[in-house]
Amino acid sequence: MDNALISRGLQRTSFTKFLLWILPWAGLLAVGLYAAYRCLAYGLNETNMDNRFAFGLWIYLDLTVIALGAGAFFTGFLLYILKLKELKSVINSAVVIGFICYSGAVAVLMVDVGQPLRAWFTFWHPNVHSMLTEVTFCITCYLTVLAIEYVPVILKHRSIRRIPSMLVFEFQLHKLMVVFAAIGTFLSFFHQGSLGGLYGVLIGRPFAFRPSLGIWPSTFFLFILSAAAVGPSFILLTTWLTSKLSRKTLVRPEVFRTLGKISGMLLIGYVLAKSIDTLIWINSTAPSLGFPAARFYQYPGFGTWVLITEIVVCGLIPALIFLQPTLRQKTAWLVTAAALACAGIALNRFVLTVQTLALPTLPFDPFMSYVPSWQETATFGAVLAYGVLLYSLSFRYLNLFPQERDLQPL
Amino acid sequence: MFPFVYGFTWDLGNIIFLGLFFTVVTLIMITLIRTAIRSMRTMTPEHISEFQWHAGFEELPASARLCRHALTGEAPGRRCNNAFACDHCQEHLRFQHMRESASNAPLPQTSQPFQAATDRFYHRGHTWVRPEADGTVTIGLDPLASRLLAQTDGEVLPESGSAIHRNGNGWFVKKGNGEIVVLAPVSGTVVEAGKAEDDWKLRVKPNSDESMEPLLHGEEVNAWLRGEFERFQRLLAVPTVGATLADGGVPADDLASVIPAGMQEQVYSDMFLQP
C-alpha cells in the first residue's frame with residue numbers, strides 16, 4: 001500500500017502489520033495528550049507534586065531522556081569533528097533519537113511549567129546566574145540544531161528529493177553539517193553540565209550538594225561525562241532493538257564494537273570520577289553540613305544498595321565488559337553492557353531527582369514519599385509513545401541505516 | 001535579554017551569557033543563510049543532475065555498485081563509493097598503474113550472454129558511447145537494455161541543441177503506464193536524435209572537458225554485462241526458491257516479456273539505475 005514511500009532496496013513489513021504495531025502506541029499517545037490537556041486546563045493540582053516535591057516524574061524523565069539523547073551530539077562530534085567514519089552508519093538514527101529525546105523533554109517541560117504561554121519570560125528576562133536559565137537556552141537552541149540535522153534525513157526521501165529545490169538544499173545543508181555538529185557539541189556540553197549543576201548547588205539539600213570546581217559543582221562535570229558515556233550505549237541498544245524487531249541486519253558488527261569501546265572508555269572515566277566524588281562527599285562534604293552520609297541511606301528502599309547498583313553494577317561492570325576485547329566480540333555482551341549502562345544513568349537521575357527531595361533535611365521533616373498521579377504517568381507514557389511512533393515512521397520511510405541495503409541477503 | 005528590556009544590567013554575567021547565546025544564534029542563522037545562497041547558486045540543471053545521481057547512487061543495491069576493478073578480478077567484491085566517478089578516484093589510478101606494470105593476462109574466458117561491441121564505451125545505466133570521426137559521439141542502448149526495451153510505447157528524445165549531463169536524464173522511454181529514464185552517459189549538446197533505423201539514439205557534441213574515463217571499456221564490458229544479466233535474473237527469482245540461473249540457452253530478444261507485471265517498475269528502476 002505504501003511501497004512507493006519506502007526507500008529503494010529496503011524491505012519493510014506489510015502496511016497492515018505496521019498499523020497493528022503503531023496502533024497501541026497511538027492509543028497511549030492519545031491518553032497522554034488528554035492527561036497533559038487536563039494538567040494545562042485545570043492546573044498542576046492534577047499532579048501529585050507539591051512544594052516539597054516540586055520535581056517529580058516529569059523532571060526525572062527529562063533528565064533521563066536528555067542524557068540518553070546525548071548519543072546524537074556525541075556521535076555527531078565523533079563523526080564530523082574527529083572524523084570517525086565508521087559511525088556514519090548510525091548518525092541518522094542518532095539524530096532521530098536525539099530529536100525525539102529533546103523534543104519529548106521540551107514538550108513535558110511545557111506541561112510542567114504550568115503556564116506554557118509564559119515560557120518566553122525565561123528568555124526575555126533571563127537570570128543568567130541560574131543553572132535552569134542555561135538549561136532552557138541551551139536545550140531550546142540544541143533542539144533547533146537537532147531539527148536542522150533531521151531535515152536532510154527527511155529531504156533525502158525519494159519522493160521529496162524529486163523536487164529540485166529540496167534536493168539541492170539537502171545537498172548543501174549536508175555539506176555544512178560539521179558546523180551544526182560543533183554547535184551541538186558546545187550546547188550539549190553546557191546544558192548536560194548545568195542539569196547536573198542544578199542539584200550540586202542545592203546547599204539546603206546535603207544529599208545532592210557538592211563543592212565547586214571553579215564556578216561549577218562537581219555534578220556539572222559528572223553529568224557531562226555520564227551523558228557522553230551512555231549516549232553511544234543507547235545508540236547501540238536502540239540499533240540492536242530495531243534490528244531484532246525488524247529482523248534485519250542494520251549495521252556491521254564492527255559498528256557495535258566501536259560504540260561499545262567508546263562507551264566503555266568514557267564509562268570507566270565516569271566511574272572513577274563518580275567514586276572519587278562520592279568518597280569526598282561521604283568523608284567531607286556531607287559531614288561538614290552536619291549530616292553523616294550513612295543517615296541518607298537508612299530509609300527503607302533507599303539503602304546503600306542504590307549507590308552500589310549505580311556505581312558498580314551499572315557503571316563498573318558494563319565498563320569492564322566494553323573494555324574487554326574478547327567480550328566485545330559478542331553482541332550479546334555488548335547489548336547487556338549497554339542496557340546496564342543506560343539503566344545506571346536512569347538510576348542516577350532518579351536518585352538526584354527523587355531521592356534528593358524525599359530525604360529530610362530538617363529535624364522535624366519526615367521522609368517523604370511521592371507517587372505520580374495517573375496524569376503524570378500518562379504524560380510520561382505519551383512521550384514514550386511519541387518516541388516509538390516517530391522512530392517507527394522514520395525507520396519505515398527514511399534511510400536511517402545506510403549499511404542496511406548492503407547487508408541484506410541476496 | 002536586550003538592553004532595552006526592563007531589568008537588564010550591563011554586568012559581566014549578562015555580557016558573557018547573552019554574548020555566547022547570540023553568537024550561537026548568529027552562527028546558526030549564518031549557516032542557514034549560507035546554505036540557502038549556495039542552494040540558489042547551484043540550482044542549475046547540471047548540478048541538479050549531479051545531486052540526483054549521488055542521492056540515487058547511495059540507494060543502489062550493492063550488486064549494482066560493483067567497482068570496475070572487481071569486474072576484472074583485480075579487487076574481488078569491491079564496491080564503488082564514488083558514484084562511478086573513476087576520473088576522480090584515487091583507487092582507480094592505483095589499479096591502473098598496477099595494471100600497466102603487470103603482465104597483461106587476459107580475463108578467463110567464460111560464456112557470454114551478450115557480445116558487446118569493442119569500439120565503444122559503456123555507461124552503467126546500460127548505454128554506450130561511440131566516438132565518431134567528426135568529434136561527436138553517438139549514444140545507444142547496450143545489448144541487455146535493447147532486449148529489456150524491445151517493445152515500448154514510444155520514446156521522448158531531447159531536441160537538437162539541448163544540453164544533457166552525465167548521469168542525468170538522457171531520454172525517456174514510455175512503457176505501459178510508466179516511464180523509464182535512460183541516463184545520459186556523457187555531458188554535452190545534442191546534435192541530432194536518431195531515427196528508427198539507426199542503431200543509436202542521440203548524436204552529441206561532448207563538452208570540451210568531457211572524459212571517457214568513468215565509462216567501461218575493453219574486456220571489463222563483457223564481465224559487467226554478464227554480471228548485469230545475472231542481477232536481472234536474481235531480481236526475478238522467486239523468494240522462496242532463491243536465486244536460480246538458467247543453464248544454457250541464449251537470452252530472449254524481448255526480455256521484458258518475462259518480467260511479471262507487478263515487478264516491472266522495480267526491475268526497470270534497478271536495472272536502469274533510476275535516481
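These figures come from a predicted structure and were not determined experimentally. Below, chain A is the first sequence line, B the second, and so on; all start at residue 1.
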> Is there a side-chain contact (heavy atoms from CB on, under 4.5 Å) between B:T42 and A:F171 once you walk through the steps?
Replying inline: CA-CA 10 Å; B:T42 49; A:F171 196 84; over 6 Å; no
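B:E265 does not touch chain A: none of its heavy atoms, backbone or side chain, sits under 4.5 Å away. At a 4.5 Å heavy-atom cutoff, A:E170 makes no contact with chain B through either its backbone or its side chain. Of the two parts of B:F21, only the side chain, counted from C-beta on, holds a non-hydrogen atom closer than 4.5 Å to a non-hydrogen atom of chain A. Looking at A:I183, only its side chain comes within 4.5 Å of chain B, counting heavy atoms on both sides. For A:P402, no part lies under 4.5 angstrom from a heavy atom of chain B. Neither the backbone nor the side chain of A:F190 comes within less than 4.5 Å of any heavy atom in chain B. Contact annotation for B:F2: only side-chain heavy atoms (C-beta onward) come within less than 4.5 Å of a heavy atom of chain A.
Residues A:P126 and B:L18 share a closest heavy-atom pair of CG-CD2, 4.1 Å. Nearest heavy-atom pair, B:L60 versus A:R405, reported as atom, atom and distance to 0.1 Å: O-CD, 3.8 Å. Nearest heavy-atom pair across B:A62 and A:D406 is CB-OD1, 3.3 Å. Scanning both residues, B:M1 and A:F137, for their nearest heavy atoms gives CE-CE2, 4.1 Å. B:G56 approaches A:R8 most closely through the heavy-atom pair O-NH2, 3.5 Å. Between A:I148 and B:I28, the shortest heavy-atom contact is CD1-CG2, 3.8 Å.
Under the 3.5 Å distance criterion, the side-chain polar atoms of B:R34 are left unmatched by any main-chain donor or acceptor of A:L176. Not one N or O on the side chain of A:R161 forms a donor-acceptor pair closer than 3.5 Å with the backbone of B:Q52.
For the set A:L187, A:V168, A:V179, the count of heavy-atom pairs under 4.5 angstrom toward chain B peaks at A:V168. Contact count versus chain A (heavy atoms, under 4.5 Å) is highest, among B:E59, B:H47, B:E50, for B:E59. The candidate with the highest count of non-hydrogen atom pairs below 4.5 Å against chain A, out of B:R65, B:Q266, B:M40, is B:R65. With chain A as the partner, the residue from B:L32, B:L20, B:T31, B:L27 showing the most heavy-atom pairs under 4.5 Å is B:T31.
Annotation for B:Y6: atom OH does not count as buried by contact number, only 12 or fewer foreign heavy atoms lying within 6.0 Å. Taking a 6.0 Å sphere around NE2 of A:H125, one finds it holds more than 12 heavy atoms contributed by other residues, nucleotides or ligands.
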